[in-house]
Amino acid sequence: MRPTIVENKAQEPSNLAVLKFGGSVLQDAQAVHSAAHEIYRFVRRGEKVLAVVSAIAGETDALVAMGQYIGGDNNAPGSASLVRLGELRAAALLALALERVGLDARAVDPAEIDLRAKGDPDDAGLCGLDHDRLSTLLAEHEVLVVPGFSGVLDNGQPALLGRGGTDLSAVYLGVALNAKRVRLIKDVDGLYVSDPKLDPNPRRFTQINWDDAAEICGNSIQDHALDYAQKHDLRLEIAAPARGFDTCITPQSVSAHCSAQTNKLKVALLGFGTVGEGVYAHLQRHKDLFEVSGILVRDAGKKRNSDAPAHLISTDAGEVFAKRPDIVVEMIGGVDSADAFILNAFFGGADVVSANKAVMAENFDTLNEAAGRAGRALHYSAAVGGGVPMLEALDQARNGGGVRSVQGVINGTANFILDRLAEGCPFDQAVKEAQDKGFAEADPSADLDGDDAAAKLCLMARHGFDAPLRANQIAMQSLSDLDQEHIDAARNAGKVIRQISEIKRDDKGALKASVSLQTIDKDHYLAGAKGEQNRLIVHALEGENIHLRGKGAGRWPTAEAVMADLLDIHRLRGQYEEKLNVRVSEPACA
Ligand code: NAP
Ligand code: HSE
């Protein structure tokens with residue numbers, strides 16, 4: 001099919017974030033997990049993401065050298081076929097990292113969307129794409145990952161876009177799709193008047209105009225990309241991963257004095273099980289932002305997968321709190337001890353991130369009031385939906401006109417077990433498998449009987465309906481009540497059994513909630529949740545219903561949501577501290 005040549009913006013404004021990750025941030029293969037945090041941050045804000053990636057640092061040079069070694073100099077376009085493999089590999093790795101946390105991500109080869117290049121095979125420009133194909137892929141997936149730096153010539157051969165060409169890929173796609181934002185993510189959090197590594201009192205541009213940007217950027221943004229963005233009046237953001245600051249390229253330049261260094265925050269981990277070990281692994285890759293000051297467990301002698309040093313691990317909460325953490329991450333589960341630890345954290349001046357729906361549902365008001373009194377933050381995104389940002393979607397729906405009802409599969413363990421039972425697995429074995437995979441609660445009866453889903457509904461009621469709901473007001477059915485006859489009948493009828501959690505308002509406006517076992521058609525949206533996956537339908541009072549899906553349980557999806565809360569706190573603290581110092585000057589450039 002011939003491409004729809006796109007030289008102008010798509011007419012429809014979109015809710016799309018184009019995020020470009022350069023080699024300076026993809027320092028090694030593990031760095032794709034940090035890129036995944038950045039993508040998750042925008043997904044949970046309700047934005048669709050198209051990530052454009054460079055090769056992992058050093059790979060392009062290695063491929064160029066290999067091409068010259070085999071083919072000699074002047075070997076384009078043959079060399080383009082080889083060199084573009086660096087970007088393809090980075091895209092595949094990033095898609096895998098996103099899949100691990102449960103995002104519906106798809107790597108897309110530029111040839112698949114006929115991203116058309118023209119000019120020199122090693123320094124080409126872009127001139128068209130198969131817009132329909134790209135739009136279809138965007139509609140089908142939450143995140144697309146496109147390898148930057150190459151396109152396809154009219155003769156079908158690949159061409160490279162010159163040094164820094166991934167910037168051009170991102171800008172070009174951003175213009176073609178009328179993206180809400182195009183964010184070039186690099187190793188420095190914006191454009192500076194002077195080198196922030198050398199200047200003790202650096203000034204970062206909060207905004208910069210095109211001419212000043214072209215002068216200041218040097219090699220940090222590709223010239224062709226800047227020209228193309230200016231020609232199409234595209235607002236560009238220059239940012240670093242995990243940082244709360246950026247520079248926007250806009251018509252006017254404004255710079256501000258700033259502290260280039262954001263303080264490192266001390267983090268105490270309460271609990272070092274399925275979720276805790278995952279969060280620890282992420283924090284190890286962000287030692288510039290966080291330092292783990294202590295880890296609380298029940299049994300210090302337990303064999304663990306993590307290589308955390310023994311001196312950090314303690315069974316003494318007093319010892320862990322004595323390190324004066326800035327943030328306490330509660331991942332022990334249960335109500336009473338967790339409640340006491342969270343209150344203690346506020347008392348000691350720490351912000352709190354919790355993955356624990358039981359304590360949050362039971363003591364929602366007292367914990368939030370305590371946070372407010374102490375002037376501290378309380379985040380608990382991971383408590384509902386694992387890696388599926390359900391509470392955030394409910395906030396957005398409530399603020400955007402209100403929620404009529406919600407209906408979902410919100411317990412991964414129950415869903416996993418129901419699928420295994422339908423496959424003929426014995427009940428006890430299915431429960432054991434869910435425990436071994438790290439999906440189940442410490443006491444799996446909470447998953448089986450509906451208490452875990454009920455606790456989640458209590459939190460969803462707060463976010464979606466701004467109303468209290470107690471677990472004892474929720475009617476529940478237990479998986480233990482299912483008999484083989486019931487399971488066989490559903491299978492023979494080509495249907496599936498799902499544990500479905502619902503909240504709606506009755507005629508008098510009161511909330512009605514339930515956790516029930518329902519036999520539904522295979523093509524029902526909620527039937528599509530497989531294994532530990534969760535799905536949610538938010539019926540909006542106004543506008544379109546929201547459909548969410550992803551991994552609702554397990555180490556990596558849950559650790560992703562915890563990490564997103566930690567990074568939000570870090571960003572907010574940095575922004576607050578900088579506001580205290582900031583002196584804005586205008587215009588920035590002499
Ligand atoms: P887990 O694997 O059982 O780990 C719990 C950790 O907490 C263990 O390290 C345990 O110490 C420690 N612990 C428990 N009680 C303690 C106490 N009183 N004092 C000190 N340490 C204590 O649990 P998990 O799966 O990581 O879940 C943690 C929390 O995240 C729960 O609230 C759960 O509901 C929530 N969550 C879990 C998932 C998931 O998929 N697993 C998803 C979303 C939310 P030892 O290691 O010494 O036993
Ligand atoms: N046990 C819970 C579940 C963990 O299976 O859904 C995620 O909240």
Side-chain angles (χ1 to χ4, degrees), residues 101-102 268-280 294-306 308 313-321 328-342 344 353-362 380-388 390-391 408-418 430-431 433-457 459-460 479 499 501 515 529 531-536 550-562 565:
V101 303
L269 303 182
L270 311 187
F272 206 41
T274 301
V275 184
E277 285 202 21
V279 173
Y280 179 80
I295 301 172
L296 182 70
V297 295
R298 239 177 341 208
D299 173 4
K302 199 187 233 181
K303 190 164 163 19
R304 306 189 188 265
N305 299 319
S306 165
I313 299 179
S314 171
T315 55
D316 179 353
E319 190 185 349
V320 172
F321 279 102
V328 169
V329 189
E330 186 275 301
M331 301 166 289
I332 65 170
V335 175
D336 293 341
S337 301
D339 183 66
F341 290 147
I342 293 174
N344 199 36
V353 175
S354 175
N356 181 348
K357 73 288 292 196
V359 72
M360 283 309 310
E362 182 72 21
Y380 47 88
S381 178
V384 180
V388 189
M390 292 188 179
L391 296 179
V409 168
I410 60 172
N411 183 278
T413 301
N415 204 60
F416 175 87
I417 293 171
L418 286 167
V431 175
E433 285 177 15
Q435 288 176 306
D436 290 347
K437 286 175 182 289
F439 303 151
E441 294 303 300
D443 175 359
S445 66
D447 300 295
L448 302 173
D449 298 344
D451 299 284
D452 179 83
K456 290 167 179 165
L457 284 179
L459 295 176
M460 290 164 83
L479 257 67
Q499 185 200 58
S501 302
V515 181
E532 80 277 24
Q533 287 178 352
N534 281 192
R535 284 191 174 204
L536 185 71
K551 290 185 185 168
R555 168 168 294 163
W556 297 117
T558 313
E560 192 64 35
V562 171
D565 283 349

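On a predicted model such as this, the values are computed, not experimentally measured, just so you know. The first residue of the sequence shown is numbered 1, and numbering continues consecutively from there. When a ligand or atom number is given, it counts from 1 through the structure's own listing order.
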K.L.:
Do Arg535 and Asn415 make a side-chain contact, defined as non-hydrogen atoms from C-beta onward lying under 4.5 Å apart?
P.N.:
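No, every pair of side-chain atoms sits at 4.5 Å or beyond.
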K.L.:
Locate the shortest heavy-atom distance separating Gly334 from Ala358; write the atom from each residue and the value.
P.N.:
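Gly334 and Ala358 have their closest heavy atoms at O-CB, 4.3 Å.
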K.L.:
Roughly how far, to the nearest 0.5 Å, is OG1 of Thr274 from CH2 of Trp556?
P.N.:
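Taking CH2 in Trp556 and OG1 in Thr274, the distance rounds to 11.0 Å.
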K.L.:
May I have every N or O pair linking ligand 2 to the protein at under 3.5 Å, one per line with atom names and distance?
P.N.:
{"residue": "ligand 2", "atom": "1 (N)", "partner": "Phe439", "partner atom": "O", "Å": "2.7"}
{"residue": "ligand 2", "atom": "1 (N)", "partner": "Glu441", "partner atom": "OE2", "Å": "2.7"}
{"residue": "ligand 2", "atom": "1 (N)", "partner": "Asp447", "partner atom": "OD1", "Å": "2.8"}
{"residue": "ligand 2", "atom": "5 (O)", "partner": "Gly412", "partner atom": "N", "Å": "3.3"}
{"residue": "ligand 2", "atom": "5 (O)", "partner": "Thr413", "partner atom": "N", "Å": "2.8"}
{"residue": "ligand 2", "atom": "5 (O)", "partner": "Thr413", "partner atom": "OG1", "Å": "2.6"}
{"residue": "ligand 2", "atom": "5 (O)", "partner": "Phe439", "partner atom": "O", "Å": "3.1"}
{"residue": "ligand 2", "atom": "6 (O)", "partner": "Gly412", "partner atom": "N", "Å": "2.8"}
{"residue": "ligand 2", "atom": "6 (O)", "partner": "Lys456", "partner atom": "NZ", "Å": "3.0"}
{"residue": "ligand 2", "atom": "8 (O)", "partner": "Lys357", "partner atom": "NZ", "Å": "2.8"}
{"residue": "ligand 2", "atom": "8 (O)", "partner": "Lys456", "partner atom": "NZ", "Å": "2.9"}

K.L.:
Ring-plane angle category for Phe416 and Phe439, please: parallel below 30°, perpendicular beyond 60°, tilted otherwise.
P.N.:
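Correct class here is perpendicular.
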K.L.:
Without hydrogens or angle criteria, can the side chains of Asp443 and Ser445 be said to hold a donor-acceptor pair below 3.5 Å?
P.N.:
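Note: Asp443 and Ser445 side chains meet the donor-acceptor criterion.
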K.L.:
Within this structure, what is the CD-CE distance for the pair Glu277 and Met331, rounded to the nearest 0.5 Å?
P.N.:
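Glu277 CD to Met331 CE: 10.0 Å, rounded to 0.5 Å.
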K.L.:
Between Lys357 and Glu362, is there a salt bridge with N-O shorter than 4.0 Å?
P.N.:
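No, Glu362 and Lys357 are not salt-bridged.
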K.L.:
Mind jotting down which protein residues get a heavy-atom contact under 4.0 Å with ligand 1? Chain and number order, please.
P.N.:
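Correct list: Gly271, Phe272, Gly273, Thr274, Val275, Leu296, Val297, Arg298, Asp299, Lys302, Arg304, Met331, Ile332, Gly333, Ser337, Ala355, Asn356, Lys357, Ala382, Gly438, Glu441, Ala553, Gly554, Thr558.
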K.L.:
Side-chain donor-acceptor pair under 3.5 Å between Ser314 and Glu319, yes or no?
P.N.:
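Side chains of Ser314 and Glu319: pair found under 3.5 Å.
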K.L.:
Treating Glu560 as the side-chain partner and Val279 as the backbone partner, does any N or O pair qualify as donor plus acceptor under 3.5 Å?
P.N.:
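No; judged by distance alone, with no hydrogens or angles, the pair does not exist.
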